[in-house]
Amino acid sequence: MAARAWSLNRDIQTKRTAWKALQIHHKKMKEIHLLDLFAHDPVRGERMAAEGAGLYLDYSKNRITYQTLKLLIALAEESGLQGRIDAMFRGERVNITEKRPALHVALRAPKGTSAYVDGRNVVPQVHAVLDRMAHFGERVRTGEWKGYTGKRIRNVVNIGAGGSHLGPLLATQALRHYADPFLTFRFVASVDASAFAEAVRDLDPAETLFIISCKTFNTIDTMSNACTAREWLVSGLKTDKESVAKHLVAVSANVAEATQFGIATGNIFEFWDWVGGRYSLCSAVGLAAMLAIGEKRFGEMLDGFHQMDMHYLATPFQRNLPVLMGLLSIWYNDLFGAQSFAILPYEQYLERLPAYLQQLIMGSNGKHVTLIGTDVIQPTSPVCWGDSGANGQHSFFQLLHQGTRLVPCDFIAFAEPLRSYGRHQEMLMANAFAQTAALAFGKTAEQVKAEGTPDWLVPHRLFAGNRPSNTILAQQLTPESFGKLVALYEHSVHTQAVIWNINPFDQWGVELGQDLATTILPELQCSDDKPLQHDSSTSTLIRRYRSMRRRPEQPCDG
Ligand code: F6P
């Protein structure tokens, strides 16, 4: 194993020199309005913008000056950001609690390049799997791959949870414009039987392929749904377990378990333990997207990711999009005390992006201890939420404009639409740009009065403004720009993690509830009078559930 070339940061964020300077600077900045910042600098909108890998970021509507940027960048430098970026790309075991690299950047490294895990170049194995995915995808798309009865596959159902669900779901929906219209895609994540029932309600088993996507191949939700899928096939096709092999493929880092489940070796698409679940979209976990858009488009998506990877690795912080966005998030989260931020794509195909980013951002940075196990001093990940901007502006934007909370926003927009009807695109973009201006500059009492508003109504109708936002503008939503966008957020999350000195690559927080569920499950299934050992709330809920549930009693296991 290569020696670690980066050092575990033992210092405390609030003791760093740059941090102290930022705190002093913030005292002044929190009193300054964006109206004044723009009034004093007529070219602010042009200068406070950066372009990287073809994405344009306007960050001028943030409550910052050039001095703020200088201090934030000093903080990044003092926190050893470049060293940590380099270490991640070098395949070092940056996920220290799980003793693994976090080498998702290798998943999109072009053929012929290299990325090392324990001295071994993993790029060839990455491409070997991509080639198998492409070949399989082609067979399904052309109809060469047939189901048990000889019918071709028309429906693909991805069964997976967390990263094994949200990534393929997002990519398949975001890139639907480029997808084969012959194929229908459904996604089942929850163990709630309604999820499975709804996904298959109008599907013919003879034409349906299930992708069981599970890194560990032991996530209980996924495995329960996988068993139900197999039973649905067996009963729908009136055959036995073995005969439905053509309808079940697996994506996993645990090939042994997938084989044990009964998936033929040739139908297993592998990935590796150095790929974290929420960073796995570019691995075999993206198989549904490969089936939807085909090898060429999938390759373009990987290329988009790779371009943003290279931008993050090699661009000076002043012009580095993920670094700038990460530092701005730190500015609001840690200095202004903002509790959340909103992601607002002005592109219907990206409707599920906020849900995907919730896992990426909060799963990565929702942590309370530093890399050395001490409590973090500052709040870590903000709560991230959002929806299609065009829909949100008729609902929750009220709070963004006039609520009492500071909610920084990311607006995501595209110059070229994918669908063109009349003036729709210009209306959409006019709304996106107008919202950023309204949030930033608001409307003063004088302006409201000048419109003839009676005095009593003025406070209700004024907009304080000074509400910050970023605008990310790309040419068009393509597989390539989609890849750049997702990688932009991945690396912004990494930048923030480095400042907080936390590990963004583990997720111990999801375990406790799942472990407890294992204990509670048999208690729900039986109805004896044995005392329950939980707290009084949980025990009462279990008893109440048992008395409300209408089903035949089952014997207790002992
Ligand atoms: O529940 C959290 C988690 O561990 C995620 O990190 C992961 O993406 C998801 O579960 C699914 O894991 P698996 O792919 O092993 O089913």
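Side-chain atoms are counted along with the backbone in the values below, which use heavy atoms only and exclude waters and symmetry mates.
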ask   = Salt bridge or not for Lys215 and Asp273, using N-O below 4.0 Å?
value = no
request  = Taking Thr208 for its side chain and Leu203 for its backbone only, find out whether a donor-acceptor pair lies under 3.5 Å.
outcome  = no
message = Can you confirm whether Gln260 is buried at CD, in the sense that more than 12 heavy atoms of other residues, nucleotides or ligands lie under 6.0 Å from that atom?
response = no
key: Atom CD1 of Ile220 with >12 non-hydrogen neighbours under 6.0 angstrom   = no
inquiry  = Check this for me: does any side-chain nitrogen of one of Asp303 and Arg108 sit under 4.0 Å from a carboxylate oxygen of the other?
reply    = no
inquiry  = Using the ring centroid of each side chain, check whether Phe136 and Phe269 are separated by less than 6.0 Å.
reply    = yes
Enumerate, atom names and distances included, each donor-acceptor pair closer than 3.5 Å involving a side-chain atom of residues 156-178, sequence neighbours excluded.
residue	atom	partner	partner atom	Å
Asn158	ND2	Ser164	O	3.1
Thr172	OG1	Pro168	O	2.5
Tyr178	OH	Leu477	O	2.6

ask   = Have Gln348 and Arg419 got a donor and an acceptor in their side chains that come within less than 3.5 Å?
value = no
inquiry  = What's the separation between atom CZ in Phe396 and atom CG in Asn391, rounded to the nearest 0.5 Å?
reply    = 8.5 Å
inquiry  = Can you see whether Asn218 engages Asn254 through a side-chain donor-acceptor pair at a distance of less than 3.5 angstrom?
reply    = no
ask   = Is there side-chain contact between Val486 and Met301, with at least one heavy-atom pair below 4.5 Å?
value = no
query = Is there a side-chain contact between Val493 and Leu357, using heavy atoms and a 4.5 Å cut-off?
reply = no
request  = Measure from NZ or CZ of Lys367 to the centre of the six-membered ring of Trp500, then state whether that distance is under 6.0 Å and the direction lies within 45° of the axis.
outcome  = no
message = I'd like to know whether the aromatic ring centres of Phe341 and Trp385 sit less than 6.0 Å apart in this structure.
response = no
query = Out of curiosity, Gln358 CD to Ile343 CD1, how far, rounded to the nearest 0.5 Å?
reply = 7.5 Å
query = What is the minimum heavy-atom distance between Met133 and Ser283, and which atoms define it?
reply = CE-O, 3.8 Å
note = Here the gap from Asp180 atom CG to Leu183 atom CG, rounded to the nearest 0.5 Å, amounts to 4.5 Å
inquiry  = Are more than 12 heavy atoms, taken from residues, nucleotides or ligands other than Arg141, located less than 6.0 Å from that residue's CZ atom?
reply    = yes
request  = Ignoring hydrogens and angles, state whether a donor on the side chain of Asn225 or Thr228 is under 3.5 Å from an acceptor on the partner side chain.
outcome  = no
query = Would you say the side chain of Ser329 lies within less than 4.5 Å of the side chain of Ser381, judging by non-hydrogen atoms?
reply = no
ask   = If you draw a 6.0 Å radius around CD in Gln339, do more than 12 non-hydrogen atoms from other residues or ligands fall strictly inside?
value = no
inquiry  = Give me the atom names and distance for the closest heavy-atom approach of Pro322 to Thr495.
reply    = O-OG1, 4.0 Å
query = Does Arg230 count as lying over the ring of Phe261, i.e. NZ or CZ under 6.0 Å from the six-ring centre, within 45 degrees of the axis?
reply = yes
inquiry  = Assess the residue pair Glu300 and Thr478 against the criterion (side-chain contact (heavy atoms from CB on, under 4.5 Å)); give the C-alpha distance rounded to whole Å, side-chain angles, the decisive distance to 0.1 Å, and a yes or no.
reply    = CA-CA 8 Å; Glu300 288 164 8; Thr478 60; 5.9 Å; no
key: Heavy-atom pair of closest approach, residues Ile412 and Phe414   = CG2-CE1, 4.0 Å
ask   = Do Asp506 and Thr97 have a side chain donor and acceptor closer than 3.5 Å?
value = yes
message = Rounded to the nearest 0.5 Å, what separates atom CD in Gln425 from atom CE in Met429?
response = 4.5 Å
request  = State whether a side-chain donor-acceptor pair under 3.5 Å links His491 with Asp309.
outcome  = yes
task = Report the C-alpha distance between Leu324 and Asn470 in whole Å, list the side-chain angles of each, state the deciding distance to 0.1 Å, and finish with yes or no for side-chain contact (heavy atoms from CB on, under 4.5 Å).
result = CA-CA 10 Å; Leu324 289 169; Asn470 291 313; over 6 Å; no
ask   = Any side-chain heavy atom of Phe433 within less than 4.5 Å of one from Phe411?
value = no
message = Testing the 3.5 Å rule here: is there a donor-acceptor pair between the side chains of Ser364 and Arg278?
response = yes
Distance-minimising heavy-atom pair for Pro479 and Arg297 = CB-O, 3.3 Å
query = Under a 4.5 Å cut-off applied to non-hydrogen side-chain atoms, are Leu209 and Val249 in contact?
reply = yes
task = Compare all side-chain heavy atoms of Leu237 with those of Val244 and state whether any distance is below 4.5 angstrom.
result = yes
key: Donor-acceptor pair between Ser235 and Glu231 side chains, under 3.5 angstrom   = no
inquiry  = Tell me if the aromatic rings of Tyr349 and Phe482 count as close, with their centers under 6.0 Å from one another.
reply    = no
ask   = Is there side-chain contact between Leu107 and Val275, with heavy atoms separated by less than 4.5 Å?
value = yes
request  = Given side chain to side chain donor-acceptor pair (under 3.5 Å), test Gln496 with Ser492 step by step and report yes or no.
outcome  = CA-CA 6 Å; Gln496 293 168 65; Ser492 163; 3.2 Å; yes
ask   = Do Val188 and Glu198 come within less than 4.5 Å of each other through their side chains, counting heavy atoms only?
value = no
query = Is the number of heavy atoms from other residues, nucleotides or ligands under 6.0 Å of Arg549 CZ greater than 12?
reply = yes
inquiry  = Just verifying a value: how many Å separate Ser252 OG and Phe217 CZ, rounded to the nearest 0.5 Å?
reply    = 5.5 Å
ask   = Would Arg93 and Asp118 pass as an ion pair if we require N to O under 4.0 Å?
value = yes
inquiry  = With no hydrogens and no angle check, just 3.5 Å: does a side-chain donor-acceptor pair link Tyr59 and Thr471?
reply    = no
query = Can you find a side-chain donor-acceptor pair between Asp192 and Ser194 that sits under 3.5 Å?
reply = yes
query = Taking atom types as modelled, is there a side-chain donor on Ser388 or Glu351 under 3.5 Å from an acceptor on the other?
reply = no
task = For the pair Asp410 and Met325, evaluate side-chain contact (heavy atoms from CB on, under 4.5 Å) and give the outcome as yes or no after the intermediate values.
result = CA-CA 9 Å; Asp410 285 355; Met325 283 180 56; 3.5 Å; yes
request  = Give a yes-or-no answer on whether the side chains of Glu480 and Gln307 include a donor-acceptor pair shorter than 3.5 Å.
outcome  = yes
request  = Measure the spacing between NZ of Lys246 and CG of Leu233 and express it to the nearest 0.5 Å.
outcome  = 14.0 Å
remark   = In short, Tyr116 meets Leu103 closest at the heavy-atom pair O-CD2, 3.8 Å
ask   = Does Arg100 make a cation-pi contact with Phe505, if we ask for NZ or CZ under 6.0 Å from the ring centre and within 45° of the axis?
value = no
Closest non-hydrogen atom pair, Val369 against Ile502 = O-CG2, 3.3 Å
